[in-house]
Amino acid sequence: MDSGGRILPPEFFDRPVLEVARDLLGRVLVREREGRRLAGRIVELEAYGATRRGQPDLACHAIRGKTRRNASMFGPPGRAYVYLVYGMHHCLNLVCGPEGRAEAVLLRALEPLEGEDVMAALRPGRPRRQWTAGPGRLSAALGLDLGWDGAPLAPPGLWLEEGRPLPASRRGSSPRVGVDYAGPAAAWPWRFLEKGNPHLSRRG
DNA sequence: GTCAAGATTAGT
DNA sequence: CTAATCTTGACG
């Protein structure tokens with residue numbers, strides 16, 4: 001089964017993060033695991049690391065410079081940045097912008113397309129609606145952990161396919177989730193989503 | 001070395 | 001609403 005189409009190359013991610021974020025809605029994330037294709041349509045994500053009217057993004061992990069955890073964000077575009085939050089949940093980001101820039105998009109929700117039996121097995125007891133709704137759940141459903149930090153977004157393993165970009169008319173935005181500590185940046189509308197999609201981590 | 005806090009989730 | 005759970009990063 002091939003629901004995605006052509007593979008998105010590293011150059012796709014070598015653009016301003018806000019531009020890439022909007023362009024990623026409707027694209028397909030593919031994970032090859034033990035010979036099985038797990039795939040989902042991107043329906044919700046957030047942009048991090050850009051500046052707005054000259055103001056720094058206080059919600060970005062890289063705000064205080066390069067550290068052991070965020071090193072991948074400073075690396076070349078088209079790679080994964082995976083980190084652990086609250087000691088138990090992994091979050092998958094896609095590194096954007098030129099090397100040295102520290103911009104990335106956090107994938108927050110997918111609409112399952114392929115390998116649903118595997119996702120179900122990785123999320124025992126959970127309803128289909130919840131398999132990939134939320135950054136932690138998404139990573140769990142695809143079997144992603146810290147070992148994927150820094151991995152190139154290319155076969156084999158993890159990559160993105162063209163899918164169908166979402167028309168702007170179906171796109172929604174809102175402040176990012178869980179960044180109330182970020183001062184002015186907490187209100188910036190850098191969460192992008194497909195309006196009305198049932199797999200969102202929460203209402204748009 | 002020590003310690004507070006977190007780009008979340010599940011359960012009461 | 002709150003517990004869970006542990007790495008990270010700031011500070012000394």
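Chain identifiers are assigned alphabetically (A, B, ...) following the order of the sequence lines, protein sequences preceding nucleic acid strands; residue numbering begins at 1 within each chain. Just the heavy atoms: all of them, side chains too, but no hydrogens, waters or symmetry mates, feed the values below.
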Inset, instruction - Let me know, please, whether A:Val85 or A:Arg68 comes out on the 5' side of the other along DNA chain C by nearest nucleotide. - result: A:Val85
Inset, instruction - Any pair with a residue in residues 175-198 of chain A that passes ring pair (Phe, Tyr, Trp, His ring centres under 6.0 Å), sequence neighbours left out, goes on the list, sorted by first then second residue, please. - result: A:Trp188-A:Trp190
Legend entry - Which nucleotide in B:dT8, C:dG9, C:dA4 has an atom nearest any side-chain atom of A:Thr67: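 So the nucleotide nearest the side chain must be C:dG9.
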Legend entry - Closest listed nucleotide, where the reference is the side chain of A:Arg64 and the choices are C:dA10, B:dA7, B:dT9: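 For A:Arg64, the side-chain atoms sit closest to C:dA10.
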Legend entry - Heavy-atom donor-acceptor pair, A:Tyr86 side-chain to B:dA5 base, under 3.5 Å: no
Inset, instruction - With heavy atoms under 4.0 Å as the rule, sort A:Arg69 into base, sugar-phosphate or nothing. - result: sugar-phosphate
Inset, instruction - Give one of base, sugar-phosphate or nothing for A:Arg202, where a contact means two heavy atoms less than 4.0 Å apart. - result: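 The residue A:Arg202 makes no contact with any strand.
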Inset, instruction - Tell which nucleotide pairs with B:dA7, taking only Watson-Crick or G-U wobble pairs whose two distances are both under 3.5 angstrom. - result: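 No nucleotide pairs with B:dA7.
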Legend entry - Under 3.5 Å on both distances, the Watson-Crick or G-U partner of C:dT5: none
Legend entry - Aromatic stack A:Tyr181/B:dG6: centroid gap under 5.5 Å, interplanar angle under 30°: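 Stacking is absent between B:dG6 and A:Tyr181, given that the ring centres and planes do not meet under 5.5 Å and under 30°.
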Inset, instruction - Please tell me if the side chains of A:Leu107 and A:Leu29 come closer than 4.5 Å, counting only heavy atoms from C-beta onward. - result: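 Of all side-chain heavy-atom pairs linking A:Leu29 with A:Leu107, at least one is under 4.5 Å.
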Inset, instruction - Quickly work out the A:Arg126 CZ to B:dT8 P distance and round it to whole Å. - result: 17 Å
